[in-house]
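Below you'll find the structure, written out as structure tokens, and then a few comments.
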2 protein chains.
Amino acid sequence: MSKVKKLYESYDWVGEIANKTIIELQKTAEILTELHNDFFSRFDISSTKFNFLVILYTGYDEGMMLSEIGEQMLVTKANITGLVDRLEKQGYVKRKRDLFDRRKVIAMITDKGKSFTEKVIEEYKVWSKSIMTILEDDEKSQLIGLLKKIQVGLIDKI
Amino acid sequence: MSKVKKLYESYDWVGEIANKTIIELQKTAEILTELHNDFFSRFDISSTKFNFLVILYTGYDEGMMLSEIGEQMLVTKANITGLVDRLEKQGYVKRKRDLFDRRKVIAMITDKGKSFTEKVIEEYKVWSKSIMTILEDDEKSQLIGLLKKIQVGLIDKI
DNA sequence: ACAAAATAGTTAATATATAAACTATTTACA
DNA sequence: TGTAAATAGTTTATATATTAACTATTTTGT
């Protein structure tokens, strides 16, 4: 059951096209997040957990440092601790101390986590294709181009 | 201080362009959310609180039903209760019972909330313009067009 | 008119996110 | 070499989000 009922145009207060662009980006992303939540809840994970697992899955076999994973996600270090706690509880990840630098904690994906991630990735590919049928392929490329340009522009402002 | 360090291309696992589109949308939105948080934290609010206030500000003078506001935001009714609690504590909003249907709760924006919202809106306009300089105006229109198309497509899938 | 269903909002339990303070360990350098 | 600074992660307090169960009120259908 979703929260989204209909699309409102609730921004009379916006004048500039820059404003509108940001708001439409946010709105699109909110709807997308909503859909992602629906999708991932079928597997009892969140999209953050999925991101974490994918990074670990496609990463090195010896595992990865927590902060190394954190750098690739928009997640603070405090949050990584909790994230790993919960993933550990689900049996998808385990912790290991780095023997050469005992400050570091290495996260390793378990066999259970590996096969789980493979399964979700496959279903995610099918799912994301199915929800993106509204755009033609050239529109998708166009959109990706614009988004990457924005990302480059935004990352400088941070 | 922000979490974002650099832009990773961490999706070797993605094949389809539909996949990439969604991931780039998410990534863009995450960076944008991060920037929004930085912006709004200067005013001691979240972007959700701002949304709420703007809807109330541009709405009817007699206030609005909580669920009516909720319909325009991607927020569950349980969350609205807490949101209004916190906004009430900040003095920007007050509650009122609907006399004709006592199930309903009306949220009213206070004078303090009104002038606060006006101030934030003005600064938001300047801010959003400044962070969107990377795109030309015709690119922005193009992007808005694509985003609206996606929204229409996605809303059907929910 | 009245019982059942629908509606509006709150509460409770839990998950997820943040910042700030903290512990443990390693590195830098005087 | 020993102390200050830097680094990695955890803990704590709090904000925000979700779902499910709950209360109060109104509407519906007979």
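By convention in this document, chain letters (A, B, ...) are assigned in the order of the sequence lines, proteins followed by strands, and residues within each chain are numbered from 1.
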- prompt: Would you call A:K94 and A:E88 a salt bridge, using N to O less than 4.0 angstrom?
  reply: no
- prompt: In terms of side-chain geometry, is the basic nitrogen of A:K148 or B:E24 positioned less than 4.0 Å from the acidic oxygen of its partner?
  reply: yes
Nucleotide [N], atom [atom2] - distance to [atom1] of [X] in whole Å:
| X | N | atom1 | atom2 | value |
| --- | --- | --- | --- | --- |
| A:F40 | D:dA17 | CZ | C1' | 18 Å |
| B:D44 | C:dT18 | CG | P | 17 Å |
| A:D98 | C:dT26 | CG | P | 9 Å |

task: Indicate, with yes or no, if the rings of A:F52 and A:Y92 have centres closer together than 6.0 Å.
output: no
field: Contact letters for nucleotides 6-16 of chain C, in which S counts primed atoms plus P, OP1 and OP2 and B counts the base, heavy atoms under 4.0 Å
entry: BBSBBB----S
Parallel, tilted or perpendicular: rings of B:F40 and B:Y124 (30°, 60°): parallel
Test item: side-chain donor near acceptor, B:Q90 and B:K49, under 3.5 Å: yes
